[in-house]
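Numbered from 1 within each chain, the chains take letters A, B, ... in sequence-line order.
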Amino acid sequence: MDNRTYAQLLAETADLLEIDSGDAFRIRSYRRAAEAIDSCTIQLSEIASDPKRLQEIPGIGKGMAANIRDMEQTGTLPLREELLKKYRPSMLQLMRLPGMGPKTVAFLWEAIQVASIDDLEAAIAAEKLDDLPRFGKKQIEKLRKGIEEYKKNSGRFLIDDAEEAAEKLMAYLRALPGLDVIEPAGSLRRGRETVGDLDILVTGPACAADKVDAAVEYTVKYPPAIDLLAKGQNKVSFRLRSGLQVDVRLLPEDSYGAALQYFTGSKMHNVTLRQRALKKGYTLSEYSLARIDDGSVVASRTEQDIYGALGIDWIAPELRENNGEIEAAEAHTLPRLVELKDIRGDVHMHTTKTDGRNTIEEMAEAAIARGYEYMAITDHSKNLAMTFGLNDEEALAHAARIRQAEAELGGRIRIFAGIEVDILSDGALDLADETLAQMDVVIASVHSLFNMTEDEMTARMLRAIENPYVKILGHPTGRLLLRREGYRLNLPAVVRRAAELGVAVEHNAYPDRLDLCDRDLRMAKEMGCKVIINTDSHHTSHLEKMRYGVEQLRRAWLEKADVLNTLPAMEFLSALRKPA
DNA sequence: GCCGTTTTCGGCCCGACTGTTTTCAGTCG
């Protein structure tokens, strides 16, 4: 069982307990444990029978350790089974609807045996809700719309889509005089791969108490907003046509820092921070950090003020996940995170020779425009026939062509000749070693699944990286495949072996194929594995996407020295694995 | 259920908005 499954089971149990109106603090413990496990870099299944080691994870105590052991042995836990006798699993889905919390789910079950979204839809159609207490016209309409939305697009939005929507809205808001500072908060600011909804924070003279009404009215009139969800004194919520929900908060200038801190989250980071505040005799809210005894404000204007008053260093938003960043900030040992400008080259690109959209020269110009010192052209090999993948002869000819293009550019950028070879079902590669030996950069990637089990997939990758010419393991988790086809892999085993062999693992920065999540990247770092970030570009515009991947690196606490393509060109080449 | 310069019990984060409530519970972030 992998960590995600443990976390899911515990989170489900927490939801069920909530429906059962269990002890709120017990529920929180299950939630905390689920989050701790989800972000844990050790594989729990390896230590599931060792309560001592389990309890070293913050949020895991005696009871949770027993739960984990039960889950490992039986695939579930007794409490969850017991609750599932009383309730239905489909109720968990019901809680995803806006306005539906545990109390309402429990009530509807008691009153009219509604257990799923389909049940609810039918009940609304049959007007069964109309006579129930607390279900007015508006409430019912909200649920009806919620069901519609849920069916249309349940899920989160990729970060680049969310950011594009944010940029447009921010440009609109900027046009109103007196709105000076406009920033996204929430998971967008934290650089999450996906964003559930958009939080935009606004301040300036137009947000002063006597003027804010006009600014709220202006915000409400944002043309792409199709569905006004809430409108308060300083908050406007609406939905965009894409289904993305947006919250705009208009804040007084003197509490902006507190609000930015608060709405950036994450939730667990904030909870921990507020506990810390209490111990110091303060209370922290979205308005200020204030003394408990007399209510006087200690800090509120900037985030730096607030973290400073709590006795800790300012923490980069990407780190705010309650993964030890607060302790590190207190000890002044926060990492100096890698930055976009540290990246000196992108070494995974395709051209018109296979399935890319641009020529070698066009890719080179785009890379130069981004300020890169080097790049690698790594077109597909023959097994990807649908992309016109190259056979040995063609690959060598293409490499010669790449080197010629480099010469013609007169030293404006270094262009490495490379290839992205395909890993076959048995783990062999589809080009000859003699061909690979001629390449500066060899990326080995999985592109097809053959209905493999987890063990088979792992064996396949392990064999591929034994090939002495493979320098980079391309998209190691194949998360694009994973989402489509339920691909599974023992990633820790592969990364461990890659570290031993000196093979680098690649993290793709392109938003719809971010390969490694922050937890995977942190594991790679802890195992001493080299990491490379690329965009897997099939178009010059893809090169722009590097920033989203860098945010994942930052979320994983990676520093410049942890990422291979922050090195100058020649050092980068010599840092790649050498054939024995 | 977790946790401990209030340590084996008694705490456990904070406030706004909504709808239908005539004083507040439930939901949300």
Side-chain angles (χ1 to χ4, degrees), chain A residues 10 13-15 17-19 21-36 54-68 77-79 94-108 129-130 132-143 146 185-190 195-201 216 228-237 245-251 255 258-290 292 295 310 322:
Chain A
L10 289 174
T13 308
D15 286 343
L17 269 173
E18 219 169 354
I19 294 172
S21 62
D23 173 36
F25 299 110
R26 192 179 178 210
I27 294 165
R28 186 184 301 170
S29 294
Y30 276 87
R31 289 249 152 77
R32 254 179 67 86
E35 292 189 28
L54 288 174
Q55 285 176 60
E56 285 168 14
I57 301 169
I60 309 288
K62 233 173 137 182
M64 277 310 156
N67 280 335
I68 291 165
L77 63 168
L79 178 61
L94 209 45
M95 285 220 291
R96 304 279 100 86
L97 294 178
M100 275 294 251
K103 293 285 189 292
T104 316
V105 170
F107 173 75
L108 285 177
L129 266 57
D130 298 13
L132 297 177
R134 280 209 209 86
F135 283 90
K137 260 199 157 71
K138 279 194 168 176
Q139 184 73 9
I140 292 171
E141 180 57 20
K142 187 174 172 185
L143 288 175
S187 44
L188 181 59
R189 183 162 181 244
R190 298 204 311 279
V195 171
D197 53 25
L198 217 51
D199 286 296
I200 305 291
L201 265 47
V216 165
L228 186 64
L229 302 170
K231 184 177 112 176
Q233 280 185 331
N234 51 17
K235 176 189 164 183
V236 175
S237 297
Q245 184 181 324
V246 182
D247 297 327
V248 180
R249 292 166 202 277
L250 303 105
L251 304 151
S255 65
L260 186 59
Q261 195 290 314
Y262 183 89
F263 290 111
T264 296
S266 67
K267 197 167 181 167
M268 286 311 295
H269 173 87
N270 283 358
V271 167
T272 308
L273 215 56
R274 265 174 255 144
Q275 284 167 342
R276 186 185 172 83
L278 282 180
K279 281 192 192 130
K280 286 189 165 292
Y282 301 141
T283 170
L284 179 61
S285 74
E286 61 261 55
Y287 299 107
S288 65
L289 180 72
I292 293 177
L310 290 170
N322 198 32

Would you indicate what A:Thr283 reaches in the nucleic acid, counting non-hydrogen atoms under 4.0 angstrom: base, sugar-phosphate, or nothing?
-> sugar-phosphate

Return the value, rounded to whole Å, for the distance between atom CD1 of A:Ile140 and atom C1' of B:dT18.
-> 15 Å

Which atom pairs link the protein and nucleotides 22-29 of chain B when you take only N or O atoms and keep those under 3.5 Å?
| from | atom 1 | to | atom 2 | distance (Å) |
| --- | --- | --- | --- | --- |
| B:dG26 | O3' | A:Thr104 | OG1 | 3.4 |
| B:dT27 | OP1 | A:Gly101 | N | 2.9 |
| B:dT27 | OP1 | A:Gly101 | O | 3.1 |
| B:dT27 | OP1 | A:Thr104 | N | 2.9 |
| B:dT27 | OP1 | A:Thr104 | OG1 | 2.3 |
| B:dT27 | OP2 | A:Lys103 | N | 3.3 |
| B:dC28 | OP1 | A:Gly99 | N | 2.5 |
| B:dG29 | OP1 | A:Asp197 | OD2 | 3.4 |
| B:dG29 | N7 | A:Lys267 | NZ | 3.4 |
| B:dG29 | N2 | A:Tyr262 | OH | 2.1 |

Is the side chain of A:Asn270 donor-acceptor paired with the backbone N or O of A:Tyr262 at a distance under 3.5 Å, no angle test?
-> yes

What pair of heavy atoms forms the shortest contact from A:Leu260 to A:Ala185, and how long is it?
-> CD1-CB, 4.4 Å

Just checking A:Leu284: base, sugar-phosphate only, or nothing, at a heavy-atom cut-off of under 4.0 Å?
-> sugar-phosphate

Respond yes when some side-chain nitrogen or oxygen of A:Tyr287 is under 4.0 Å from OP1 or OP2 of B:dA16, and no when none is.
-> yes

Between A:Leu79 and A:Arg26, is a side chain to side chain contact (heavy atoms under 4.5 Å, CB included) present by the stated rule, with each step listed?
-> CA-CA 12 Å; A:Leu79 178 61; A:Arg26 192 179 178 210; 3.6 Å; yes

Round to the nearest Å and state the distance from A:Ile27 atom CD1 to B:dC2 atom C1'.
-> 14 Å

With sequence neighbours left out, what residues match A:Tyr30 under side-chain hydrogen bond (donor to acceptor under 3.5 Å, both in side chains)?
-> A:Asn67

On a whole-Å scale, what distance lies between the C1' atoms belonging to B:dC12 and B:dT8?
-> 16 Å

Just how far, in rounded Å, is C1' of B:dC12 from CZ of A:Arg276?
-> 18 Å

Examine distances only and state if a side-chain atom of A:Arg249 and a backbone atom of A:Asp199 form a donor-acceptor pair shorter than 3.5 Å.
-> no

Under 3.5 Å, side-chain donor or acceptor atoms of residues 275-282 of chain A against the rest of the protein: list the pairs with distances, not counting sequence neighbours.
| from | atom 1 | to | atom 2 | distance (Å) |
| --- | --- | --- | --- | --- |
| A:Arg276 | NE | A:Leu310 | O | 3.2 |
| A:Arg276 | NH1 | A:Glu330 | OE1 | 3.4 |
| A:Arg276 | NH2 | A:Leu310 | O | 3.3 |
| A:Arg276 | NH2 | A:Glu330 | OE2 | 3.1 |

Nearest-0.5 Å distance, CD1 of residue A:Ile27 to CZ of residue A:Arg32 | 15.5 Å

Can you give me the N/O atom pairs linking the protein to nucleotides 3-9 of chain B at distances under 3.5 Å, or say none if there are none?
| from | atom 1 | to | atom 2 | distance (Å) |
| --- | --- | --- | --- | --- |
| B:dC3 | OP1 | A:Gly59 | N | 2.7 |

Between A:Asn270 and A:Gly232, just flag the one whose closest nucleotide in DNA chain B comes earlier from the 5' side.
-> A:Asn270

Inter-nucleotide C1' distance (B:dC9, B:dC14), Å rounded | 25 Å

Inter-nucleotide C1' distance (B:dC17, B:dG11), Å rounded = 29 Å

Have a look at A:Asn234 and say if it touches a base, only the backbone sugar-phosphate, or nothing, with a 4.0 Å heavy-atom cut-off.
-> sugar-phosphate

Rounded to the nearest angstrom, tell me the gap between atom CD in A:Glu35 and atom P in B:dC2.
-> 15 Å

May I have all residue pairs that pass salt bridge (Lys or Arg N to Asp or Glu O under 4.0 Å) and include part of residues 94-106 of chain A, sequence neighbours excluded?
-> A:Asp15-A:Arg96

Nearest-angstrom distance from the residue atom CG of A:Leu289 to C1' of B:dC14 | 13 Å

Return the value, rounded to whole Å, for the distance between atom CZ of A:Arg31 and atom C1' of B:dC2.
-> 16 Å

Integer angstrom distance from the P of B:dT20 to that of B:dG15 = 27 Å

Take atom P in B:dG1 and the same atom in B:dT5, then report the distance between them in whole Å.
-> 23 Å

If you measure from the P atom in B:dC28 to the same atom in B:dT23, how many Å do you get, rounded?
-> 25 Å

Taking the same atom, C1', in B:dT21 and in B:dT27, what whole-Å distance lies between them?
-> 16 Å

Between atom OG1 of A:Thr272 and atom CG of A:Asn322, what is the distance when rounded to the nearest 0.5 Å?
-> 3.5 Å

Whole-Å distance separating the CD1 atom of A:Ile292 from the C1' atom of B:dG15 | 16 Å

Could you state the atom-to-atom distance from CG of A:Asp23 to P of B:dG10 in whole Å?
-> 15 Å

Taking only residues two or more places apart in sequence, or in another chain, which ones meet A:Ser255 in a side-chain contact (heavy atoms from CB on, under 4.5 Å)?
-> A:Pro252, A:Tyr287

Pairing partner of B:dC9 (Watson-Crick or G-U wobble, both distances under 3.5 Å) | B:dG4

May I have the step-by-step check of side chain to side chain contact (heavy atoms under 4.5 Å, CB included) for A:Thr104 and A:Leu143, ending in yes or no?
-> CA-CA 11 Å; A:Thr104 316; A:Leu143 288 175; 5.7 Å; no

